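Written out below as structure tokens is the structure these notes cover.
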Amino acid sequence: MLDKTGTLFSHVKPTDTQFQGGGLRDFFLYRDLGVAQATHGKVIAHLVKANLPPESSGGTGWHRHEADFQIVIMTKGWAKFMYEDQVTLVEAGDVVHQRPGIRHYLFDYSPDMEYLEIVSPADFKTVDVDPVCDIPEPATWTEP
């Protein structure tokens, strides 16, 4: 079967790209997986991991994304989100499909939190929104 999509083959190994700052949130680190380039901007896939504790970052704030498709696959640790007015604990192994436009707030996460995020289009927009409800206090990170 001929490839009629115009996308490129991509194979990114763990040593090919590094986690780095400069993404959407400064308290997270991001590792590009090469999908945005391979799909000419149709889809982005990146790994996201905790960099600073939630009590110092304040979380993501209330927002929504202008995207056609978004999933979060928690690979390590856990995170607590508000989706509209519901607290949702997302743990390693969980998959969340965030419907387009859903108002949400990631307010708490473990020090080892890491997730795979896949979004279309790659240049999706994030829009701050008015608070939906009060946010619970995040747990404090403690040294072992």
Side-chain angles (χ1 to χ4, degrees), residues 1-84 86-132 135-136 138-144:
M1 175 182 234
L2 293 175
D3 177 11
K4 296 180 182 179
T5 64
T7 61
L8 307 172
F9 176 79
S10 177
H11 179 187
V12 175
K13 293 181 172 278
T15 56
D16 291 345
T17 58
Q18 304 300 314
F19 279 98
Q20 55 188 332
L24 181 60
R25 313 284 179 197
D26 61 358
F27 46 91
F28 292 155
L29 297 175
Y30 300 83
R31 182 174 162 244
D32 180 51
L33 300 177
V35 174
Q37 182 178 358
T39 62
H40 306 291
K42 292 178 184 149
V43 178
I44 189 168
H46 51 229
L47 291 171
V48 181
K49 74 176 184 176
N51 184 37
L52 297 171
E55 65 267 19
S56 66
S57 71
T60 62
W62 282 104
H63 64 283
R64 64 176 176 81
H65 300 294
E66 293 180 354
D68 298 323
F69 176 81
Q70 181 179 15
I71 62 170
V72 171
I73 303 169
M74 191 65 62
T75 58
K76 296 179 185 172
W78 56 267
K80 290 181 182 176
F81 291 81
M82 294 298 298
Y83 285 108
E84 300 291 346
Q86 299 295 311
V87 175
T88 304
L89 173 62
V90 181
E91 300 173 290
D94 291 358
V95 178
V96 175
H97 170 252
Q98 292 185 178
R99 69 167 169 76
I102 191 169
R103 298 172 297 173
H104 59 285
Y105 191 132
L106 191 163
F107 67 91
D108 199 3
Y109 46 89
S110 62
D112 63 339
M113 180 209 73
E114 186 176 304
Y115 61 85
L116 169 64
E117 182 175 52
I118 303 170
V119 187
S120 178
D123 65 347
F124 69 95
K125 305 290 185 263
T126 298
V127 178
D128 292 337
V129 298
D130 291 334
V132 174
I135 300 298
T140 301
W141 284 2
T142 57
E143 295 296 321

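No experiment lies behind these values; they were computed from the predicted model shown. All heavy atoms count here, side chains included; hydrogens, waters and symmetry mates do not.
- Judged by distance alone, the side chain of Asp32 and the main-chain N or O of His46 form no donor-acceptor pair under 3.5 Å.
- Ring geometry for Phe9 versus His11: interplanar angle over 60°, hence perpendicular rather than tilted (30 to 60°).
- With hydrogens and angles ignored, the 3.5 Å screen pairs a side-chain donor or acceptor of Lys125 with a backbone N or O of Asp123.
- Cation-pi check for Lys49 over Phe19 is met; the charged atom lies under 6.0 angstrom from the ring centroid and within 45 degrees of its normal.
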(request) Assess whether salt bridge (Lys or Arg N to Asp or Glu O under 4.0 Å) is satisfied between Glu84 and Arg99, documenting all intermediate values. (result) CA-CA 11 Å; Glu84 300 291 346; Arg99 69 167 169 76; 3.4 Å; yes

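- In this structure a side-chain-to-backbone donor-acceptor pair under 3.5 Å is present from Tyr30 to Arg25.
- Checked against the 6.0 Å centroid threshold, Tyr105 and Tyr83 do not count as a close aromatic pair.
- For Thr126 and His63, the side-chain atoms include no donor-acceptor pair closer than 3.5 Å.
- For Thr75 (side chain) and Glu114 (main-chain N/O), a donor-acceptor pair under 3.5 Å exists by modelled atom type.
- The aromatic rings of Tyr109 and Phe28 lie perpendicular to each other, with more than 60° between the two planes, well past the 30° mark.
- A donor-acceptor pair is defined here as one N or O able to donate and one able to accept, closer than 3.5 Å; no such pair exists between the side chain of Arg103 and the backbone of Trp62.
- Judged by distance alone, the side chain of His40 and the main-chain N or O of Thr7 form no donor-acceptor pair under 3.5 Å.
- Relative ring orientation between His104 and Phe81 is described as tilted, the plane-to-plane angle lying within the 30° to 60° band.
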